[in-house]
2 protein chains.
Amino acid sequence: MATGRTERPTQRGRGIPEATVARLPLYLRALSALSERGVPTVSSEELAAAAGVNSAKLRKDLSYLGSYGTRGVGYDVEYLVYQISRELGLTQDWPVAIIGIGNLGHALANYGGFASRGFRVAALLDADRAVTGQRIAGMAVRHMDDLEQIVREDHVSIGVITTPAPAAQEVCDRLVAAGITSILNFAPTVLSVPEGVDVRKVDLSIELQILAFHEQRKSGLDPVAGPVPGRPSKPGERGDLPEVMPA
Amino acid sequence: MATGRTERPTQRGRGIPEATVARLPLYLRALSALSERGVPTVSSEELAAAAGVNSAKLRKDLSYLGSYGTRGVGYDVEYLVYQISRELGLTQDWPVAIIGIGNLGHALANYGGFASRGFRVAALLDADRAVTGQRIAGMAVRHMDDLEQIVREDHVSIGVITTPAPAAQEVCDRLVAAGITSILNFAPTVLSVPEGVDVRKVDLSIELQILAFHEQRKSGLDPVAGPVPGRPSKPGERGDLPEVMPA
DNA sequence: CCTACTTTGTGCGTACGTTCACAAAAGCCT
DNA sequence: AGGCTTTTGTGAACGTACGCACAAAGTAGG
Ligand SMILES: NC(=O)c1ccc[n+]([C@@H]2O[C@H](COP(=O)([O-])OP(=O)(O)OC[C@H]3O[C@@H](n4cnc5c(N)ncnc54)[C@H](O)[C@@H]3O)[C@@H](O)[C@H]2O)c1
Ligand SMILES: NC(=O)c1ccc[n+]([C@@H]2O[C@H](COP(=O)([O-])OP(=O)(O)OC[C@H]3O[C@@H](n4cnc5c(N)ncnc54)[C@H](O)[C@@H]3O)[C@@H](O)[C@H]2O)c1
């Protein structure tokens, strides 16, 4: 999962738990599908199944938003779509800027799924003059020189970083300086940002490594005990590894 | 964060907490950078800073792997790189198949960062005959007809789904039937899989929605309270839609 | 109106994750 | 060798998350 530093001990007063916030989009998606099929109401059991979660969890999550269900009946689909959208801030428009129009930036720029939920690609930016000026998905790639102006004029508040890792921190700093307070980072680096700026990351490599970990477990063999690169080795050492044998 | 269904109550005995597993790749990346710079040892404080976590957490995480540090000194970089790699299963090769070579599949296929950690793109697959046969990154796109054979012959154990959402479950089922037990899903759908198969998802749209939620909070205004679409309302009816006015 | 049934909203026990804080271990210097 | 410094490894306290199970609230039918 791409988990970023959006975490806080959990907000005060009216705060919705972070774990819940992360699931709301899931519910919203399931509800949208129901809505399109013209389904008027849905029970927590059905909705939970569609979202792939436990129904008690779903009910608790929804209860943070308010008491929007009807006992004996379920939830009104349209009404709940609206409430969740509102809570997530999707009733307003969020202009997004994509920085680094290479392989990945290209794919994102061409991606239609963005617009669907109030996220609008407002600008594509790159530092390479061989790239700037190109038109992608009907939009000209602008040069990084124009960053500050673009952010200001288009009220961009979300930046997506798809530059190579070594450039990411620098780009991030510029985005922050330009006034952006939410960043989605695809570069495999830890970004450091001042208080008040949220960073979330999407890291393919980490996801694969987590899968590999479990895959290895499944294949029975414990973490391959093999020739170990000599321990830091003080004086004396135990040479080899644990040597766990699972029967 | 893309969080998938890799969760389990936590393994028995020798089990490493899921949260820890998710951070190991982060430590590994930081350590690799240190290793390249020729740094021989690192303290938990330094490594934690590089990975963007609390040092106590880092030490506890590492302690699950074993007692690999030296008090008063820190951790031997090379040794720790090896231990984490081994634990994650990166000392072996993981052939990966990418299914759905469109915008995103293309970008992934061209991406070099894969190979770096033992993940090898073994096959590119698509259902569209206009796509199959094309060469991408020196590799021919194969047709879905060959899926089972490819999985068998190349020992593919990890599948990456980059098809449109409506096709994802069907593709997933075929992957599972072919023997794949780890799936990374980029399509915005909940996949259902049998016990024993791990699915992790990467969902851009969810990440943006989480950012929007926090962004909205930061902009002061609570979730725009405005004229609400008439509550579900018993009998029939429900008024009209949102009509939010953000002042 | 009253009874039977459905489904929400939530209290509560449990498990999991994070952080503090410190004893114990190791190196270093005299 | 002993004392001083550094830094690990972990016990314990706290906070967050999960899911069961059930009362309360609603619908439906007579
Ligand atoms: N391609 C993938 O499938 C993939 C997958 C996972 C992660 N990533 C990560 O995403 C990032 C982009 O990957 P990619 O394959 O698109 O790389 P790429 O090299 O194709 O594209 C990077 C783009 O960023 C631009 N750039 C470089 N420095 C810049 C700067 N300082 N300011 C603005 N733009 C700058 C370059 O001109 C280039 O157009 C990398 O960090 C990569 O590790 C990519
Ligand atoms: N492009 C992005 O930046 C982006 C971002 C986030 C999520 N996604 C998601 O990733 C997925 C792919 O996006 P995309 O933009 O690459 O779409 P795309 O339409 O460009 O590519 C999809 C590819 O999948 C192939 N395909 C369709 N049905 C198939 C099947 N049954 N078996 C095998 N192959 C099949 C198609 O032939 C096509 O080549 C979508 O689910 C999308 O929502 C894309």
Side-chain angles (χ1 to χ4, degrees), chain A residues 1 3 5-12 15-24 26-27 39-49 51-77 79-80 83 231-237, chain B residues 1 3 5-13 15-24 26-27 39-49 51-77 79-80 83 231-236:
Chain A
M1 135 191 118
T3 303
R5 148 128 28 101
T6 292
E7 24 210 358
R8 204 162 318 234
T10 297
Q11 264 93 349
R12 62 282 109 103
I16 297 178
E18 195 55 36
T20 295
V21 172
R23 281 186 296 266
L24 289 180
L26 225 54
Y27 305 152
V39 178
T41 64
V42 66
S43 73
S44 63
E45 207 68 56
E46 295 164 328
L47 185 52
V53 305
N54 171 304
S55 71
K57 183 151 65 180
L58 177 126
R59 288 196 299 278
K60 189 156 281 192
D61 284 343
L62 294 183
S63 79
Y64 291 115
L65 309 191
S67 212
Y68 295 149
T70 305
R71 292 168 194 231
V73 176
Y75 300 87
D76 180 87
V77 171
Y79 186 66
L80 200 48
Q83 290 299 344
R231 186 67 182 292
S233 303
K234 313 303 145 61
E237 276 326 301
Chain B
M1 106 195 143
T3 303
R5 149 124 29 101
T6 292
E7 26 207 356
R8 206 162 317 241
T10 298
Q11 263 91 352
R12 60 282 112 105
I16 297 178
E18 194 55 35
T20 294
V21 172
R23 282 187 295 266
L24 290 179
L26 223 53
Y27 304 153
V39 177
T41 64
V42 66
S43 71
S44 63
E45 205 70 55
E46 295 163 328
L47 185 53
V53 303
N54 172 306
S55 71
K57 183 150 65 179
L58 176 118
R59 288 197 299 277
K60 186 153 281 188
D61 283 343
L62 293 183
S63 79
Y64 290 116
L65 310 191
S67 209
Y68 294 147
T70 307
R71 292 166 192 234
V73 176
Y75 300 88
D76 181 86
V77 172
Y79 187 65
L80 200 49
Q83 290 298 343
R231 195 60 187 293
S233 306
K234 321 312 152 68

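In what follows, every chain begins at residue 1, and chains take the letters A, B, ... in the order their sequences are listed. Keep in mind that this is a model prediction, so the values were computed, not measured. The analysis underlying the following values was restricted to heavy atoms, covering all of them including side chains, and did not include hydrogens, waters or symmetry mates.
What separates NZ of A/Lys57 from P of C/dG9 is a distance of 18 Å, to the nearest Å. Atoms CD (B/Glu18) and C1' (D/dC18) sit 15 Å apart, rounded to a whole Å. With rounding to whole Å, A/Tyr64 atom OH is found 12 Å from C/dG11 atom C1'. Taking atom CG of residue A/Leu80 and atom P of nucleotide C/dT7, one finds them 16 Å apart after rounding to whole Å. Between A/Glu46 atom CD and C/dT8 atom C1' there is a gap of 14 Å when expressed in whole angstrom units.
Atoms CG and OG, from B/Asp61 and B/Ser44 in turn, are 11.5 Å apart once rounded to the nearest 0.5 Å. Summarising the geometry, atom OG1 belonging to B/Thr20 is positioned 8.5 Å from atom CG belonging to B/Leu65; distances are rounded to the nearest 0.5 Å. The OH atom of A/Tyr27 lies 8.0 Å from the CG atom of A/Leu47; values are rounded to the nearest 0.5 Å.
Close to D/dC20, at under 4.0 Å from its OP1 or OP2, lies a side-chain N or O of A/Asn54.
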Across nucleotides 2-10 of chain D, 5' to 3', mark each nucleotide with B, S or - according to how protein heavy atoms within less than 4.0 Å reach it. ----BBBBB

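Every residue was checked against the side-chain hydrogen bond (donor to acceptor under 3.5 Å, both in side chains) condition with B/Thr41, not counting sequence neighbours, and none meets it. Judged as a side chain to side chain contact (heavy atoms under 4.5 Å, CB included), and not counting sequence neighbours, the contacts of B/Ser63 are B/Lys60. A/Ala19 is linked by a side chain to side chain contact (heavy atoms under 4.5 Å, CB included) to A/Arg23, counting only residues two or more places apart in sequence or in another chain.
Proximity of A/Tyr68 to A/Leu62: side-chain heavy atoms (C-beta onward) are nowhere separated by under 4.5 Å. Between A/Tyr75 and A/Arg59 there is a side-chain heavy-atom pair separated by less than 4.5 Å.
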For nucleotides 3-5 of chain C, list the nitrogen or oxygen atoms of the protein found under 3.5 Å from its nitrogen or oxygen atoms, one pair per line.
none

Dump the pairs, protein N or O against N or O of nucleotides 28-30 of chain D, anything under 3.5 Å, distances to one decimal.
none

